[in-house]
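Accompanying notes for the structure given below.
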There are 2 protein chains.
Amino acid sequence: MYSIGELSRRTGVKVPTIRYYEQMRLMEAPERSDGNQRRYGKSELERLAFIRHARDLGLAIDSIRELIELSGHPDMPCADADRIAKEQLASVRGRIARLRKLERELERIATCCIGETVGDCYVIRALSDHTLCRDEH
Amino acid sequence: MYSIGELSRRTGVKVPTIRYYEQMRLMEAPERSDGNQRRYGKSELERLAFIRHARDLGLAIDSIRELIELSGHPDMPCADADRIAKEQLASVRGRIARLRKLERELERIATCCIGETVGDCYVIRALSDHTLCRDEH
DNA sequence: CTAATTGCTCTAGCGACTAGAGGTTCAAGA
DNA sequence: TCTTGAACCTCTAGTCGCTAGAGCAATTAG
Ligand SMILES: [Zn+2]
Ligand SMILES: [Zn+2]
Ligand SMILES: [Zn+2]
Ligand SMILES: [Zn+2]
């Protein structure tokens with residue numbers, strides 16, 4: 001049986017975050033000691049690792065809850081799980097595409113300033129005038 | 001003189017967002033009509049366009065405020081403005097690098113499931129076991 | 001003049017935590 | 001057994017950049 005602090009050390013998830021996951025119904029309410037402190041077992045440790053891994057991959061709390069519920073029904077078709085993963089991949093690709101546009105513009109803006117004073121600073125001029133940008137963002 | 005709605009239409013910034021920028025001290029408190037409604041001029045329109053452009057490039061409110069304050073002192077050196085742009089570029093590049101790692105892992109996770117049920121779904125297995133991942137994330 | 005639209009302020013909500021207050025329980029040493 | 005200090009408990013509020021809504025006042029078109 002682990003205390004919440006020990007579970008935190010073993011998973012790298014901070015103590016208040018574990019309590020937050022319980023509140024969000026990702027973790028089930030665990031057993032308690034006589035003095036009302038949380039006591040966890042091995043299955044909770046595995047679930048928390050699952051949650052942490054899914055969060056590290058950028059999945060939303062709601063998606064993770066759905067995946068956890070699915071994994072409790074091993075005989076059901078896994079189309080929903082596959083869909084969640086594909087949607088997350090698409091979302092990540094969308095964000096990358098958007099950030100690459102920003103990168104292109106910022107590269108120009110951040111490296112083209114040859115002025116010395118604010119009055120002729122390219123950074124300030126570029127921000128004032130979007131027509132200097134190569135494409136939309 | 002523009003009303004806040006007209007300013008909104010001309011810049012594409014929503015009305016409550018304009019009021020929010022005023023509250024955050026990016027926009028100065030404008031003149032008011034006899035009935036206490038905001039009235040803007042050309043300079044406020046330009047400032048709002050500046051703010052919108054900077055936000056579109058991902059700059060934080062605090063950085064934008066700093067840039068606006070700088071642009072009021074055209075004779076000062078522009079090192080601070082250049083630094084803010086370079087930091088933003090670095091931040092965007094960092095986020096892209098992180099997202100590319102996620103993309104690699106998610107690509108594998110989302111496309112490798114040949115199972116039909118949750119019990120042998122690769123998505124669920126991959127989330128349960130980080131050692132299946134190629135690199136850290 | 002009336003009605004529709006737009007404006008005003010204030011408060012609360014989003015997502016995923018994080019920090020702090022104020023109090024209780026646990027574990028180890030004397 | 002007692003004491004101390006770390007860890008734990010619940011609850012509330014703050015982060016960021018908006019967005020939504022309530023309940024009212026001002027403007028504008030017909
Ligand atoms: Zn410069
Ligand atoms: Zn631009
Ligand atoms: Zn599957
Ligand atoms: Zn992994």
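Chain letters run A, B, ... following the sequence lines, proteins first, then strands; residues in each count from 1.
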Pairwise distance CE(Met76(B)) to CD(Glu69(B)) - rounded to 0.5 angstrom | 10.0 Å
If you count the non-hydrogen atoms of other residues, nucleotides and ligands that lie under 6.0 Å from CZ in Arg100(A), is the total more than 12?
-> no
First and last nucleotide of DNA chain C touching chain A, 5' to 3', heavy-atom cut-off 4.0 Å?
-> dA16(C) to dC26(C)
Under a criterion of less than 4.0 angstrom to any heavy atom of chain B, what are the 5'-terminal and 3'-terminal contacting nucleotides of DNA chain D?
-> dG17(D) to dT27(D)
For DNA chain D, what residues of residues 11-19 of chain B have any heavy atom nearer than 4.0 Å?
-> Lys14(B), Thr17(B)
Between Ser91(A) (side chain) and Glu87(A) (backbone), is there a donor-acceptor pair under 3.5 Å?
-> no
Of all of residues 95-104 of chain A, which get a heavy atom below 4.0 angstrom from DNA chain C, listed by number?
-> none
Kindly write out the residues that satisfy side chain to side chain contact (heavy atoms under 4.5 Å, CB included) with Arg98(A), not counting sequence neighbours, or none if the list is empty.
-> Leu102(A)
Count the heavy atoms of every other residue, nucleotide or ligand shown that sit under 6.0 Å from CZ of Arg134(B), and state whether that count exceeds 12.
-> no
Closest approach of Val15(B) and Gly5(B), non-hydrogen atoms and distance?
-> CG2-CA, 4.0 Å
Contact list for DNA chain D against residues 29-40 of chain A - heavy-atom distance below 4.0 Å = Arg32(A), Asn36(A), Gln37(A), Arg38(A)
Enclosure of Arg25(A) CZ (heavy-atom neighbours >12, cutoff 6.0 Å) = no
Pairs touching residues 106-133 of chain A that satisfy salt bridge (Lys or Arg N to Asp or Glu O under 4.0 Å), sequence neighbours left out | Glu105(A)-Arg108(A), Glu107(A)-Arg93(B)
Looking only at heavy atoms, the pair that brings Pro30(B) and Glu22(B) closest together is CD-OE1, 3.6 Å
Exceeds 12 heavy-atom contacts within 6.0 angstrom, atom CD of Glu6(A) | yes
Working to the nearest 0.5 Å, report the span between CD1 of Ile64(B) and OG of Ser71(B).
-> 12.0 Å
Please list, by residue number, the residues of residues 85-94 of chain B whose heavy atoms come closer than 4.0 Å to an atom of DNA chain D; answer none if no residue qualifies.
-> none
Arg104(B): what forms a salt bridge (charged side-chain N to carboxylate O under 4.0 Å, His left out) with it, not counting sequence neighbours?
-> Asp135(B)
List, by chain and number, the other hydrophobic cluster members for Tyr122(B), where Ile, Leu, Val, Met, Phe, Trp and Tyr join if side-chain heavy atoms come within less than 4.5 Å, directly or indirectly.
-> Leu132(B)
Please determine if Glu31(B) and Arg38(B) form a salt bridge, counting it only when a charged side-chain N lies under 4.0 Å from a carboxylate O.
-> no
For Gly115(B) and Cys78(A), work out which heavy atoms get closest and say how close.
-> O-SG, 4.0 Å
Using a 3.5 Å cut-off and no angle test, enumerate the donor-acceptor pairs between side-chain atoms of residues 40-56 of chain A and protein atoms at least two apart in sequence or in another chain.
unit_1	atom_1	unit_2	atom_2	d
Glu44(A)	OE1	Gly41(A)	N	2.9
Arg47(A)	NH1	Leu26(A)	O	2.9
Arg52(A)	NE	Asp56(A)	OD1	3.3
Arg52(A)	NH2	Asp56(A)	OD1	3.4
His53(A)	ND1	Ala126(B)	O	3.3
His53(A)	ND1	Leu127(B)	O	3.0
His53(A)	NE2	His130(B)	ND1	3.1
His53(A)	NE2	His137(B)	NE2	3.4
Arg55(A)	NH1	Leu59(A)	O	2.7

Expected list for residues 53-64 of chain A near DNA chain C, using heavy atoms below 4.0 Å, is Arg55(A), Ala60(A), Ile61(A)
Looking only at non-hydrogen atoms, find the nearest pair between Asp75(B) and Thr117(A) and report the distance.
-> O-CG2, 3.8 Å
Between CD1 of Ile96(A) and CD of Glu103(B), what distance do you get to the nearest 0.5 Å?
-> 4.0 Å
Heavy-atom pair with the smallest gap, counting every atom of Arg65(B) and Asp62(B) | NH2-OD1, 2.6 Å
Of all heavy-atom pairs between Leu70(B) and Ala81(B), which one has the smallest distance, and what is that distance?
-> CD1-N, 3.6 Å
